[in-house]
Student: 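Dropping the structure in here first, questions after.
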Amino acid sequence: MSVLLQTGKLYLLRKPFSKSCSKYIFHRKKSDVPRKFISFDEIVAQRRAEARQSLVVQVNSESSFNELHGYCSKYATINDIHHYKNSAGEHFMLIEFSSEENLNNVLQSCSSHKKEIDVMGVQSPFLWFRATSVKEKYAQNVTHLAVKDGSLSVNEDVLFEELMNCSSVSEQIQMLYDRTVLNDIGVRLRYMVARQLETVFSSLYANIKVQPFGSSVNGFGKMGCDLDLVLTNTLTDDLTSQKNRLVYQEKKSEGGRSPWQRHMELVGALLELRVPGATRVQKILNARVPIVKYSHDLADVDCDLCCNNTSGVYMSELLWQLGALDARVRPLAGAVRRWARAAALTNAHPGRWLTNFPLTLLVLFFLQQPASGPVLPPLRRLVELAGKEDTRVAEENLNCTFLRDLNKLPTESYSQNTDDLQTLLFKFFEFYSQFEFQDKAISINEGRPVRKPNSLPLYVVNPLEPALNVSRNVSYEECERLRLEVRNAAWHLESCLDGHKSDDWGILGLIEQKASRGLKKLLRVGNSHRLVSMKDLFNDNDELEPSAQGIRSKLEKFKKTEKLTEASDVTRGDKKSEMKFKNSQSAREVYRIRRNKLI
Ligand code: GTP
Ligand code: MG
C-alpha cells in the first residue's frame, strides 16, 4: 500500500497511489520529522478510529446517496460515503463521520424495528434506511459518492485479457497485484465487522478489543479474502495498578483450555442470537486454538473468530512490515499465492496441503537469500535492533519483540538487489526446485536454511515460536508435488524468455486453474473480439433458463464465429491463431463441457 512512498524505489511504473494511502501520509503534521516508513500500529490505530466513526447503512440503491447524505447531515458532519453491494445484490453505504461524537448524535436518532414482535432490539453499527412517504427536501448536495460498487472484484476474463496484453512478465505480476489486492473499502468493512463485535459484546467482556489479523491486514490479502479476528479483554495497566482500591469482582477462569472453549461456545451462541448479519455460525472448539466461523452477510465476508491469540496479530504485523520494506514483496507473493492455488498446492479447506501463510513465509525466506543481494533482512536482525518500546509479549509468555520502527533499520539491510519481478519470480521457482527439503528447514528468523529437527516432509519454522513447524500438516506427497510444480513453473517461465507470446505466456500459464486451462485458452485465443466466457455462451437477454435448442444454436453461432475469425486470421497469416487448436486436449475439453451442458 504505502511501499511506493516508503522505499522511494520504483521498479515499475505504477498507477497513482490510492486515496486511502495518501491519507496516511497527509494526515501527518508539517512539523513531523520526515519518515520513510509508517508503522503497523499507526495504520491499525487509524483504521480502528475510522471504524469508530463509521456506520454501514443498507439502502435501496446507489441513488439513495442524496437522501441519505441529506438525512445524516442533519445530525452530523460526513467525511465521505462509500457504496458497495454484497453477493446477494443488496446495496450498502459505509458512511464515515467527522468524529465519534458526531456518530453518537446519529445513533441517538436511530430507532428499532418495532413492528416485528420476533425481533429483539440490538445496537450495532449496521443499520438500514427506512423509506418514507413524506419526502423531505434537502439542500443541493455538492459531494459525490467516494466509491461506487467498491467491493466488486475484477472480472477474471477482463483480467486475463489485460495480462495477455502486458508487455513483460514483470508488468503482468504488478498488474495481477494491483487488480486483485484487497482495496480500501474491503479493509474498512473488515474493521467495521470487528467494531460491531466490540459494540455488541462490550457489556460482557471488560475492555474488549476485537482485532483483525491475517491477510485482511498483513498486506498480502486479496479481494474477498477471509477475515481472521481475535477477541481480547485484558485489563489495562491503569486498572491493575495498586493505586486503584476499588476492584471489580470477577469470575475465575480455570482449567486449561476448557474455559476458553466454553467462552467460544457462548460467543458462537451470541453471534447467532445477537449479531445482525452473522449467519452460518460454526463452532470448532477442539482445535489447538478454538475458533468460531461465521459469515457476515451484510459485509459479505467469511470470518474466523478466536479468543486471546494476540500472537496472530504480531505475526500479521511482522508480515506487514516485511511487505512494506520493498515494493516487490507483495506483488511477488501475490503471484506465488495465485500460482499455488491454480496448481492446487493450496486449498481453502484445511488438510495435508500447504496454506497461504507458510507459502508466504517461503516467499519471504527466498527474498532473504543473499545470492544476488538480499531484498529482506532476517527476522534476527529486527530482533537485535529492537528497543524497549518494541517489547510485546503475547499469551503464554510468547516473546513477540522485534523492531517496529523500520526507519531505524540500516538501509544496507534490505533492497540490496535490483532484480525485476519477472527475474525474482523465476529465481523463486528455481530456488525451491533445488532446495533440499529432506534435510533443511525454512527459517525467516535466520534467513538461511537450517537443519531440520525432525523428519517431517516440509519444515517451515514458526517465526514467533521457532520450536514449531507451521507446515507440520503437509504430507510427503504434497511436498513432492510442490517440488514438481516449482520445477514446472520455472520451466514454463524460462520458455517465455524467448519473447514469443503464446496464449499462456508469462504468468497466464501459471495462474489459470489446470482444469479449465485448456478451455480458457481455446476461448480466449489472445484476441479481445474472441473473448468468450461460458457464461456468455449460455446467457442471453432473451432467455432466463437456456433450452437445449437455445444452447445448441448458440454453440452453432459460436462455432461459426470461431471458424470465421480463424479463417480471417489465417488469411492475415496471424501466428497466434495457428496455435489455437494445437492443443487437442483443449478441444476435447470444450467438447466434453458442451456435451454435458446439452445433456
Ligand atoms: P488467507 O486467509 O488464505 O488469505 O491467508 P492468511 O494469512 O489470513 O492465513 P490464515 O487465514 O490461514 O491464517 C491467519 C493468520 O493466522 C496467519 O496470517 C498467521 O498469522 C496465523 N497462522 C496461520 N497458520 C498458522 C500456524 O500454523 N501457526 C501459527 N502460529 N499461526 C498461524
Ligand atoms: Mg485468513
Side-chain angles (χ1 to χ4, degrees), residues 40 44 153 177 180-183 186-187 189-191 193-194 210-232 282 284 287-296 301-323 329-330 333-342 344-364 379 392 394-400 402 441-445 456 458-474 478:
F40 181 76
V44 171
S153 295
Y177 173 73
T180 55
V181 68
L182 184 65
N183 65 6
V187 179
L189 275 174
R190 283 161 173 75
Y191 275 89
V193 171
V210 179
Q211 289 169 275
F213 70 105
S215 59
S216 295
V217 294
N218 68 15
F220 296 97
K222 63 174 181 54
M223 289 295 284
C225 67
D226 71 358
L227 169 60
D228 303 288
L229 291 168
V230 55
L231 186 156
T232 50
Q282 223 187 320
I284 304 169
R288 193 173 69 94
V289 179
I291 59 165
V292 176
K293 290 172 104 56
Y294 69 101
S295 298
H296 201 294
V301 272
D302 291 327
C303 311
D304 284 358
L305 173 67
C306 63
C307 248
N308 289 352
N309 180 34
T310 13
S311 65
V313 180
Y314 296 136
M315 189 82 85
S316 304
E317 182 172 19
L318 175 64
L319 262 55
W320 187 89
Q321 283 199 319
L322 293 174
V329 180
R330 289 168 184 161
V336 170
R337 283 166 82 130
R338 184 75 194 239
W339 155 78
R341 200 186 72 196
L345 287 169
T346 53
N347 189 312
H349 307 288
R352 291 177 67 72
W353 40 78
L354 261 180
T355 59
N356 276 330
F357 172 59
L359 183 68
T360 308
L361 294 181
L362 253 63
V363 176
L364 299 176
L379 171 57
R392 306 281 189 283
E395 294 74 23
E396 295 172 15
N397 272 338
L398 193 64
N399 191 353
C400 301
F402 51 85
I442 286 126
S443 161
I444 71 157
N445 305 52
L456 282 170
L458 181 63
Y459 204 106
V460 182
V461 174
N462 180 333
L464 299 179
E465 274 180 277
L468 300 180
N469 173 11
V470 297
S471 58
R472 62 197 167 282
N473 60 310
V474 176
E478 288 298 319

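Just so you know, residue 1 is the first one in the sequence shown, and it goes up from there. Every number for a ligand or one of its atoms is a count from 1 in the order of the listing.
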Student: In terms of atom number and element, which parts of ligand 1 are under 4.0 angstrom from non-hydrogen atoms of D226?
Tutor: 2 (O), 11 (O)

Student: Start with the C-alpha distance between V217 and W320, add both sets of side-chain angles, then the distance that settles side-chain contact (heavy atoms from CB on, under 4.5 Å), and finish with yes or no.
Tutor: CA-CA 7 Å; V217 294; W320 187 89; over 6 Å; no

Student: In Å, rounded to the nearest 0.5 Å, how long is the span from OG of S316 to CZ of F220?
Tutor: 10.5 Å

Student: What distance do E478 atom CD and N473 atom CG have between them, rounded to the nearest 0.5 Å?
Tutor: 9.5 Å

Student: Given 3.5 Å as the limit, does a donor-acceptor pair link the side chain of R472 with the main chain of N469, or not?
Tutor: yes

Student: Does the D304 side chain pair with the main chain of K293, one donor and one acceptor, at a distance under 3.5 Å?
Tutor: no

Student: Which protein non-hydrogen atom lies closest to atom 26 (C) of ligand 1, naming both residue and atom, and how far is it?
Tutor: V470 CG1, 4.0 Å

Student: Heavy-atom contacts with G214 under 4.0 Å: which atoms of ligand 1 show up? List them by number with element.
Tutor: 8 (O), 14 (C), 15 (C), 18 (O)

Student: Please name the atom of D226, restricted to N, O or S, that is closest to the Mg ion (ligand 2).
Tutor: OD1

Student: Assess, by modelled atom type and distance only, whether the side chains of R337 and T360 contain a donor and an acceptor separated by less than 3.5 Å.
Tutor: yes

Student: Rounded to the nearest 0.5 Å, what separates atom CG in N309 from atom CE in M315?
Tutor: 9.0 Å

Student: Which of the numbered atoms in ligand 1 are under 4.0 angstrom from any heavy atom belonging to M315?
Tutor: 20 (O), 30 (N)

Student: With a 4.0 Å heavy-atom cut-off (strictly under), which part of N218 contacts ligand 1: side chain, backbone, both or neither?
Tutor: side chain

Student: Once rounded to the nearest 0.5 Å, what's the spacing between atom OG of S215 and atom CZ of R190?
Tutor: 7.5 Å

Student: I'd like to know if atom 4 (O) of ligand 1 has any protein heavy atom within a distance of less than 4.0 Å.
Tutor: yes

Student: Under 4.0 Å, heavy-atom basis, I'd like to know which part of T355 is in contact with ligand 1: side chain, backbone, both or neither.
Tutor: neither

Student: Polar-atom distance check: E465 versus ligand 1, any N or O pair below 3.5 Å?
Tutor: no

Student: So which heavy atom in the protein is nearest atom 22 (N) of ligand 1, and how far is it from that ligand atom?
Tutor: F357 CD2, 3.6 Å

Student: Do any N/O/S atoms of D228 come under 2.8 Å of the Mg ion (ligand 2)?
Tutor: yes

Student: Side chains of N308 and T232: do they bring a donor and an acceptor to under 3.5 Å?
Tutor: no

Student: Could you check atom 30 (N) of ligand 1 against the protein and tell me its nearest heavy-atom contact, residue, atom and distance included?
Tutor: N462 ND2, 3.0 Å

Student: Looking at ligand 1, is there an atom of it that comes within less than 4.0 Å of some heavy atom belonging to G312?
Tutor: yes

Student: Indicate, as side chain, backbone, both or neither, the part of D304 found under 4.0 angstrom from ligand 1 when only non-hydrogen atoms are considered.
Tutor: neither

Student: May I ask you to list the atoms of ligand 1 that are less than 4.0 angstrom from any heavy atom of N356?
Tutor: 1 (P), 3 (O), 4 (O), 5 (O)

Student: Test side-chain contact (heavy atoms from CB on, under 4.5 Å) on L319 and F357; report intermediate values, then the result.
Tutor: CA-CA 10 Å; L319 262 55; F357 172 59; 4.1 Å; yes

Student: On a heavy-atom basis, I'd like to know which of S311, S316, C225, S215 is closest to atom 8 (O) of ligand 1.
Tutor: S215

Student: Taking 4.0 angstrom as the limit and counting only heavy atoms of F213, give me the atoms of ligand 1 inside it, by number and element.
Tutor: 15 (C), 16 (O)

Student: Give the atom numbers and elements of ligand 1 that come within less than 4.0 Å of a heavy atom of D228.
Tutor: 8 (O), 11 (O), 14 (C)

Student: Counting only heavy atoms closer than 4.0 Å, does ligand 1 sit against the backbone of R337, its side chain, both, or neither?
Tutor: side chain

Student: Is it true that a side-chain atom of E395 and a backbone atom of T310 form a donor plus acceptor pair closer than 3.5 Å?
Tutor: yes

Student: To the nearest 0.5 Å, what is the distance between CD on E465 and SG on C400?
Tutor: 8.0 Å

